[in-house]
Amino acid sequence: MFEREQQAITQQIKAFCQKNQLPEVDFQWKWIPFSGHWGISTSFFQIAALEARQGKRINVNARAAELASQVAAYLGTPEGFEKVEAVNGYLNIYFLQSAYAEQVINAVLQAGENFGRGTVRNERVMVEFSQPNTHKAFHVGHLRSAILGDVISRLLDFAGFSVVRANYPGDIGLHVIKWLWCYMNFHRGEKPTSDITRWMGDIYAEANRRLEENPDLESEVRVLYARWDRREPEVVALWEETRQWSLNGFEEIYRQLDIHFDVYYFNSQVEHPGKEIVNELIAKGIAVDERPEGPVVVKLDELLGLKTEKYRVMVVLRSDNTALYATEDLALAKKKFSDYPDLSRSYYVVDVRQSLHFQQVFKTLELAGYEWATRCQHIPYELVILPGNVVMASREGTVVLLEDLIREATARALAVVREKNPDLSEEVKQKIAQAVGIGAIKYPMLARENTKVVTFDWQSALDFNGQAAPYIQYAYVRAGSILRKANRPLPEEAKVTEPLTPQEVELINLISRLPAEVQRSANEHRPLWIATYAYELAKAFNDFYTQCPVLQAEEAVRNFRLRLTAATRQAIANSLTLLGITAPQAM
RNA sequence: GCCCCUGUAGCUCAAUGGACAGAGCACCGGACUUCUAAUCCGUUGGUUGUGAGUUCGAGUCUCACCAGGGGCGCCA
């Protein structure tokens, strides 16, 4: 929030360096790392090291300390700052607490839900995420792409980008045909009532079981696949109807998770366009047609003249002319840019195992002359697995269904709400339980590095204590509770009359950092940083809550703390919104 | 064989190349007549896998090795 002040000081220090003929460096500003202190710091080790390299016989640490002291003396106390001190080669500049405290609180309350929002950039980006397979269950393993993609979209939007959220369901393929085969033979006429995705998943599992028990039946599946390929009306109609059941089930899940999409691309949509691109690649001499003995391949390393293996060889069409994922991804990438020609980035939130695949697809498109290919980017994430390094797979039956997890998490939350807030209406209790349960599920997927495996186990998934979403939500509720009990409109303004407590300083410091954290998280596609930030903010508020009475304080202090409480509540709310977690009114 | 990711407290994880490597869980001991205890306070816990290198400064960058996971021509 204080870029202008920071720049002014940087200019002064640079002037000092010039006057004293010191080497030029870029000054990096950091938050003073000691909690309870609010300000920025930089160091002079780099200048001292450069001097040493120029042949001066100096001790770098001592020289840095000397420079820091000199600069501190030179700066005096700049306008708007409380004090400047030199410590061990560092220059610490403390904000003038009262003035900036009021400024921060005013800014937050004025901006409201837009506090932290970056200035609008004239840039559109697409985020593709949550590629669920129709005719299969939706399990916890599918959750990470959905949650990560959603939050990355929220971050990019809040950072100032115009975001197109895309879903790419796998609505055709062998798994769908197997499902249709099982349905036509053993469940014809049945329709799902509730728990659609579970019902769909059960039939898929049954299909696999039957085919395993009696492999002779696979010929029937092949026959059915051929009928689909010929687009026999009966098969197509059934496919369309059953596919819609799955999509309805997904919609219900997305609704519960508060995730939405702007555009749907379907696997089935890009099958034929993909084959056209393959023909084009062959014509351009990029793809090599080895049919019928072999598939159509793109020998990337060879085309690029690479001596060491990097992109290897990508198969773009099977020898029997059927499409693969690669075939379809070529067409999908193209379709995205034809639908939205102004995309400055096209992101793919897909698990890390497909890293090579996407490198191959993007490089192939680049070689084919599509200039937008370099704007495609894969955002990889690690899998959610079960203890014992077991990957979730519908076919193996090693899955935790999302419905079960949501049900269990909300049931636990509901039990606590009933105990703590018996007077609330049942409807409100349900809403709170939903917010807490879903939040608890989402947070652990966000509060870690994308590239780290999440091991799912019931115990930690249902642990609502400590660094978890309910902790943050509870801080929000507590803030709201104070404001409600104040029983008066929020004071229009409030001066700082007493010296601020360390808890207040830390809280204001954290609030002021939200805009920078948003930019940082969005630029790096790392929800982790906002997730950690939200927790630290909540923790700082809980500290404040226990140490600094609000309603009992004398009037001037009370007014200031009421505004600080309101500002904190807003900052927590905005952070939770970014994390896709609902902020409940009571808990 | 080649490539990618991971390795930090008993466990799960943080840490813009910078100040004493921090949280949560678990363990132990405290705090509800108070603005909601889904909270707070305190104690315990570390040669950051190993070895070199770069740097004024390395958990962070480079290299080698060790361990685990993943990917590598017709799976998705």
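As the structure is a computational prediction, the values presented were derived from the model and not from experiment.
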Roughly how far apart are [X] [atom1] and [Y] [atom2], rounded to 0.5 Å?
X: A:L510; Y: A:W38; atom1: CG; atom2: CH2; value: 10.5 Å
X: A:T455; Y: A:L386; atom1: OG1; atom2: CG; value: 8.5 Å
X: A:T582; Y: A:I438; atom1: OG1; atom2: CD1; value: 8.0 Å
X: A:S268; Y: A:E271; atom1: OG; atom2: CD; value: 8.0 Å
X: A:N59; Y: A:E66; atom1: CG; atom2: CD; value: 10.5 Å

Please determine, for the side chain of [X], which listed nucleotide ([options]) has the closest atom?
X: A:S41; options: B:C5, B:A19, B:C35; answer: B:A19
X: A:T451; options: B:A14, B:C5, B:A37; answer: B:C5
X: A:D543; options: B:C40, B:A19, B:C35; answer: B:C40
X: A:N133; options: B:A76, B:A14, B:U39; answer: B:A76
X: A:F34; options: B:U8, B:U16, B:C20; answer: B:C20

Atom [atom1], compared across [N] and [M]: separation rounded to whole Å:
N: B:C5; M: B:G73; atom1: C1'; value: 24 Å
N: B:G68; M: B:A31; atom1: P; value: 48 Å
N: B:U6; M: B:A14; atom1: C1'; value: 15 Å
N: B:G7; M: B:U12; atom1: P; value: 12 Å
N: B:G1; M: B:A15; atom1: P; value: 33 Å
N: B:G22; M: B:A67; atom1: P; value: 32 Å
N: B:C63; M: B:C72; atom1: C1'; value: 24 Å
N: B:G49; M: B:C66; atom1: C1'; value: 7 Å

Under 4.0 Å, counting only non-hydrogen atoms across every strand here, what does [X] touch: a base, just sugar-phosphate, or nothing?
X: A:N487; value: nothing
X: A:K30; value: base
X: A:A475; value: nothing
X: A:Y471; value: sugar-phosphate
X: A:L174; value: nothing
X: A:V417; value: base

If I take atom [atom1] in residue [X] and atom [atom2] in nucleotide [N], what distance separates them, rounded to the nearest angstrom?
X: A:E449; N: B:U6; atom1: CD; atom2: P; answer: 8 Å
X: A:L507; N: B:C40; atom1: CG; atom2: C1'; answer: 16 Å
X: A:L50; N: B:G57; atom1: CG; atom2: P; answer: 13 Å
X: A:F544; N: B:U39; atom1: CZ; atom2: P; answer: 19 Å
X: A:F541; N: B:C35; atom1: CZ; atom2: P; answer: 14 Å
X: A:N542; N: B:A37; atom1: CG; atom2: P; answer: 10 Å
X: A:N208; N: B:A76; atom1: CG; atom2: C1'; answer: 14 Å

Which atoms of nucleotides 23-27 of chain B (N or O only) lie under 3.5 Å from a protein N or O atom, and what are those distances?
{"from": "B:A23", "atom 1": "O2'", "to": "A:Y535", "atom 2": "OH", "distance (Å)": "3.4"}
{"from": "B:G24", "atom 1": "OP1", "to": "A:K539", "atom 2": "NZ", "distance (Å)": "3.4"}
{"from": "B:G24", "atom 1": "O2'", "to": "A:Q467", "atom 2": "N", "distance (Å)": "3.4"}

Are any of [X]'s side-chain N or O atoms less than 4.0 Å away from OP1 or OP2 of [N]?
X: A:K452; N: B:A14; answer: yes
X: A:S481; N: B:C35; answer: no
X: A:W529; N: B:A14; answer: no

Angle between ring planes, [X] versus [Y], binned at 30° and 60°: parallel, tilted or perpendicular?
X: A:H135; Y: A:W179; result: perpendicular
X: A:F544; Y: A:F541; result: tilted
X: A:F34; Y: A:H37; result: perpendicular
X: A:Y535; Y: A:Y471; result: tilted

Worksheet item: How would you label the glycosidic angle of B:C65: syn (within 90° of 0) or anti?
Response: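 In terms of base orientation relative to the sugar, B:C65 is anti.
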Fill in: Anti versus syn assignment for B:G29, with syn defined as within 90° of 0
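B:G29: anti glycosidic orientation.
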Worksheet item: Which parts of residues 52-65 of chain A get close to RNA chain B, meaning a heavy atom less than 4.0 angstrom away?
Response: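 Result for residues 52-65 of chain A: A:R53, A:V60, sorted by number.
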Worksheet entry | 5'-most by nearest nucleotide on RNA chain B - A:Y325 or A:R484 |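 Nearest nucleotide further toward 5': that of A:R484.
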Worksheet entry | 5' precedence on RNA chain B between A:N267 and A:V550 (nearest-nucleotide basis) |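 It is A:V550, whose closest nucleotide lies nearer the 5' terminus.
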Worksheet, complete the sentence: With both pairing distances under 3.5 angstrom for Watson-Crick or G-U wobble, and | for a partner in another strand, the correct string for RNA chain B is (((((((..((((....[...))))..((((.......))))......(((((..]....))))))))))))....
Discussion item. Here's one to test your reading of the geometry: is the NZ or CZ of A:R243 within 45 degrees of the ring axis of A:F266 and under 6.0 Å from its centre?
Written reply: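 Yes, a cation-pi geometry holds between A:R243 and A:F266.
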Worksheet item: Is there a donor-acceptor pair closer than 3.5 Å between any side-chain N or O of A:H378 and the backbone N or O of A:Q359?
Response: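 No; zero donor-acceptor contacts below 3.5 Å.
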Discussion item. Looking at A:S130, is its backbone amide N or carbonyl O close enough to the side chain of A:S145 to form a donor-acceptor pair, meaning the two atoms are under 3.5 Å apart?
Written reply: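 Looks like yes, one N/O pair under 3.5 Å.
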Discussion item. Taking CD in A:E419 as the centre, count heavy atoms belonging to other residues, nucleotides or ligands within less than 6.0 Å. Is the count above 12?
Written reply: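 Counting neighbours around CD of A:E419, 12 or fewer heavy atoms of other residues, nucleotides or ligands fall under 6.0 Å, so no.
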Worksheet item: Out of A:V453, A:L148, A:V454, A:V352, which residue meets the side-chain contact (heavy atoms from CB on, under 4.5 Å) rule with A:Y381?
Response: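 Of the listed options, the one satisfying the test is A:L148.
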Could you list the donor-acceptor pairs under 3.5 angstrom formed by side chains in residues 25-33 of chain A, with sequence neighbours left out?
{"from": "A:W29", "atom 1": "NE1", "to": "A:T10", "atom 2": "OG1", "distance (Å)": "2.9"}

Fill in: For A:A52, side chain to side chain contact (heavy atoms under 4.5 Å, CB included) partners two or more places apart
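Partners of A:A52 by the side chain to side chain contact (heavy atoms under 4.5 Å, CB included) criterion, ordered by chain and then number, come out as A:I58, A:V60.
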Fill in: Per-nucleotide protein contact string for nucleotides 59-74 of chain B (B base, S sugar-phosphate only, - none; heavy atom under 4.0 Å)
----------SSBBBB
Worksheet item: Taking the side chain as C-beta and beyond, is there a heavy-atom pair between A:L537 and A:L514 under 4.5 Å?
Response: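 SC-SC contact between A:L537 and A:L514 ruled out.
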